[in-house]
Structures are given as C-alpha cells and as structure tokens.
Amino acid sequence: MATVLYDRDANMKVLEGKTVAVLGYGSQGHAHAQNLRDSGVSVVVGLHEGSRSRATAERDGFAVHSVGDAVQNADVVMFLMPDHVQGTVYRESVAPNLKKGAALAFAHGFSVHFSQVEAPKDNDVFMVAPKGPGHLVRRMYTEGRGVPCLLAVEQDASGHARELGLAYACALGGGRAGVLCTTFAEETETDLFGEQAVLCGGITELIKAGFDTLVDAGYQPEIAYFECLNEMKLIVDLMYEGGMGWMRYSVSDTAKYGDLTAGKKVIDGRVRETMKALLADVKDGSFAKDWMLENQCGRPRMKKWMQQEKSHPIEAVGKELRAMMPWMDAKSAPDA
Ligand code: NDP
Ligand code: MG
C-alpha cells in the first residue's frame, strides 16, 4: 500500500523563519504563492524580465523580484515556470544565486528526472506535485479543502528533505486531502504517460474519432457533439463519484451491454501495444528529447498541429452549442 500522509503527520515548524521563492506566477505559481502565504509562510515571487505575470503577482500583493534576486535569500526555491525552460533558468539564474543548503523544489519531475536540472549534492531536492490544475489548488484551499499532492525526495542532503517537503505540501493544502509518497521517476513517467495516452491525447482522439464517424455517416454534427463530447463529462463524473460500477449502475442495461461488447473492440490489443510503446518512449527519454528539441527550434510542428486541431469541425459546433447553454461558464482558449 502507498504511504499517504495528512496534516497531522507534518511538522510545520520546519517552515518557520524560512523564505520560499516561488519562481513563475502562472497556473501553479499563483496558487502556491497565495496558499503558502495564507498558511503563514514568507513568500517572494521571482519572474523573468518582461514577464506578463508580473502585474498579476503585484496585484495579489507580492514583492516581485528577478529570479536571481528572489533566489538569493530563499531557503526553498520552487520551480513553477514551464518545464522546458527550467534547465536554462536553473543554470543562468538559480545556481549562481543559490544559498548554501537551500532546497530546490518542483511541482513535476520532468527537469530533474531528465537531467535538465542537476542540483549540487549539498542541496535538498524535493517535489510537491498537486494532482490538479492550479486554479483548483487555490480555490479548494480557500474553501478549507485541498487538492491531493504527490511528495518525492530526489536528494536528501539535510536529512530533513522529506519533513520539509511534507510541510510544504500541507501549507499548500495538500495535507487536507492526502499526500502520497512517490519518486521523481514514478511521478514523471506516470504523468507523461497519462497525459499522452489517456487524459489529453487519448481522450481527444477518442472523441474526435467518434464524432467523425457519426458526421461522415451523415448524422447532424450537433447530435454527434452532444453524444461524443458533452456527454463524456456526465459519464466521467459518474466514474469519478463511484467508479465504473456506479457509472454502469446509472446507465441503461442497453448501454451497459453495448459497453461490455464494444469497448474492447475499440481499445483492442493493438491500442494496448501502442500504449506500451508510448510508455517505453517516456521511460527511455525519447519523448523528453523530442520535446526539448521541438522547443529549441521554435515549436514548428506543434504550431502546425495546434492550428489543425483548432480547425476541426467539432470545435466550431461545440462553440455554438455551448453559447446556447447560458448556465455554462463557456471558455475560449486565447490564440497561442
Ligand atoms: P504556466 O505556464 O501556467 O506558468 C508559467 C509561469 O512561469 C508564468 O508566470 C510565466 O510568466 C513564468 N515564466 C516563464 N518563463 C520564465 C522564466 N524564464 N523565469 C521565470 N518565470 C518564467 O505553468 P504551470 O503552472 O502550468 O506549470 C508550472 C510547473 O507546474 C510545471 O513544472 C508543471 O509541470 C507543473 N504542474 C502544472 C500543473 C498545472 O495545473 N498546470 C499541475 C501540476 C504540476 P509569463 O506570464 O511571462 O509567461
Ligand atoms: Mg503533466
């Protein structure tokens, strides 16, 4: 069984008198900075020159410094800028200013696990990875609740890295929901695999394949949208609340029979083999290398693919239908 820790297991005293530098003020950054501050921790925010987030952080009442200045006085340095820039920021701005014995902290293991950040041996390196998006990490905290977190220690120079990491996770609100102990390798590999095969990649292709099949067969795109995308949320909510059993209990017997006869034909042996191959690419670093190279040359393929995705008919029909549901707080992604 996995070790799960809660507020009662933490020694919050280890954060007393310490300063946490939160580097980056995006999805996770704003939540970490504000939750920690509300938990009584001293927080400074570090941002790069010309950062668009600076005004937001200042409006939220934080002293905003350059990354180097924020790091200089910090006892804990939390990396909350995008994963692909962490290596460069570390080498250029963090390492030259790092206090002796300061801890390096991460919300995802990518840059440490794939050697983008190679910390000196006398610094602690830990991870507190909330299992939820940043706005929820903040909102749940303000409601007295919390998003579960993963905790891992890569380097324990002080002998207290795990204690410090747990206190950080609890200051973030994670100890109210549960803090699961893991390793950088397990967190990074499962996270990358999950977002590729199931969560982001898997589900969008599944939905589009269903939508295209219906539309190509002459059915109305609006019907196809409700069937394949809108209803996905209702089904996932049921699984989230009570597992697959609760979902199957809730749908009709006909739906249940269809589920049991067809599901394995869609996600067949070949799909499972593909998943294994994706996991192998994650584990041996091929995916990480590909992603870093894509960034280094200005994301040419990613820009093209994003444009193609944007012009898929499901996006246009979805936008129209969501606008007809006034109770829905419909969102629209800004142009990249
Ligand atoms: P965002 O893209 O939302 O925010 C990035 C922030 O970093 C922005 O404030 C950005 O400023 C700033 N930034 C960009 N470049 C630099 C730089 N060179 N120096 C300092 N700051 C910089 O990132 P996320 O919050 O999504 O991700 C942060 C980390 O959290 C990642 O490791 C990610 O894997 C992890 N994570 C994210 C989750 C999420 O919910 N999004 C969930 C769990 C973990 P600007 O406004 O100028 O661009
Ligand atoms: Mg991820």
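Atoms within each ligand, like the ligands themselves, are counted from 1 in listed order. Along the sequence shown, residues carry numbers from 1.
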Look at [X] together with [Y] and state whether they make a salt bridge at an N to O cut-off of under 4.0 Å.
| X | Y | answer |
| --- | --- | --- |
| Glu273 | Arg270 | no |
| Arg138 | Asp60 | no |
| Asp253 | Lys256 | yes |

Review point. Hey, does Gln86 come in under 3.5 Å of ligand 1, counting only N/O atoms on both sides?
Key: yes
Nearest non-hydrogen protein atom, [atom]:
| atom | result |
| --- | --- |
| atom 33 (C) of ligand 1 | Asp83 OD2, 3.6 Å |
| atom 9 (O) of ligand 1 | Ser53 OG, 2.7 Å |
| atom 18 (N) of ligand 1 | Val89 CG2, 3.3 Å |
| atom 41 (N) of ligand 1 | Ser27 OG, 3.5 Å |
| atom 25 (O) of ligand 1 | Gln28 N, 2.8 Å |
| atom 44 (C) of ligand 1 | Ala107 O, 3.3 Å |
| atom 13 (N) of ligand 1 | His48 CE1, 3.4 Å |
| atom 4 (O) of ligand 1 | Gly26 CA, 3.3 Å |

**Study point:** Residue Asp191 atom name (nearest to the Mg ion (ligand 2); N/O/S)
**Key:** OD2
Point to revise | Among the N, O or S atoms of Glu195, the one nearest the Mg ion (ligand 2) | key: OE1
Nearest heavy-atom neighbours spanning [X] and [Y]:
| X | Y | value |
| --- | --- | --- |
| Gly24 | Leu47 | CA-CD2, 3.7 Å |
| Met12 | Cys170 | SD-CB, 3.8 Å |
| Gly318 | Tyr225 | CA-CE1, 3.3 Å |

Point to revise | Arg162 atom CZ, neighbour heavy-atom count above 12 within 6.0 Å | key: no
Review point. Would you say Met325 has more than 12 foreign heavy atoms packed within less than 6.0 Å of its CE?
Key: yes
Numbering the atoms of ligand 1 from 1, which are under 4.0 Å from a heavy atom of [X]?
| X | answer |
| --- | --- |
| Ser51 | 11 (O), 45 (P), 46 (O), 47 (O) |
| Gly132 | 40 (O), 42 (C) |
| Gly134 | 40 (O) |
| Leu80 | 5 (C), 6 (C), 7 (O), 28 (C), 30 (O) |
| Tyr25 | 6 (C), 8 (C), 9 (O) |

**Study point:** Heavy-atom nearest neighbour of atom 43 (C) of ligand 1 within options Ala31, Pro133, Pro130
**Key:** Pro130
Check your understanding: Of all the heavy atoms in Ser93, does at least one lie under 4.0 Å from an atom in ligand 1?
Key -> no
Check your understanding: Is Pro82 near ligand 1, meaning one of its heavy atoms is under 4.0 Å from it?
Key -> yes
Check your understanding: Looking only at side chains, do His160 and Glu163 share a donor and an acceptor under 3.5 Å apart?
Key -> yes
Acceptor/donor pairs from residues 188-207 side chains to any protein atom, 3.5 angstrom cut, sequence neighbours excluded:
unit_1: Thr188; atom_1: OG1; unit_2: Phe184; atom_2: O; d: 2.6
unit_1: Glu189; atom_1: OE2; unit_2: His113; atom_2: NE2; d: 3.0
unit_1: Thr190; atom_1: OG1; unit_2: Glu186; atom_2: O; d: 2.6
unit_1: Thr190; atom_1: OG1; unit_2: Glu187; atom_2: O; d: 3.3
unit_1: Asp191; atom_1: OD1; unit_2: Lys131; atom_2: NZ; d: 3.3
unit_1: Thr204; atom_1: OG1; unit_2: Cys200; atom_2: O; d: 2.7
unit_1: Thr204; atom_1: OG1; unit_2: Gly201; atom_2: O; d: 3.2
unit_1: Glu205; atom_1: OE2; unit_2: Lys208; atom_2: NZ; d: 2.8

Check your understanding: Just by modelled atom types, is the Gln72 backbone N or O under 3.5 Å from a matching donor or acceptor in the Asn97 side chain?
Key -> no
Practice item. Mind running side-chain contact (heavy atoms from CB on, under 4.5 Å) on Lys18 and Tyr168 for me, showing each step along the way? Key: CA-CA 11 Å; Lys18 290 209 163 74; Tyr168 186 104; over 6 Å; no
Practice item. Please work out whether any backbone atom (N, CA, C, O) or any side-chain heavy atom from C-beta onward of Val67 is under 4.0 Å from ligand 1, and answer side chain, backbone, both or neither. Key: side chain
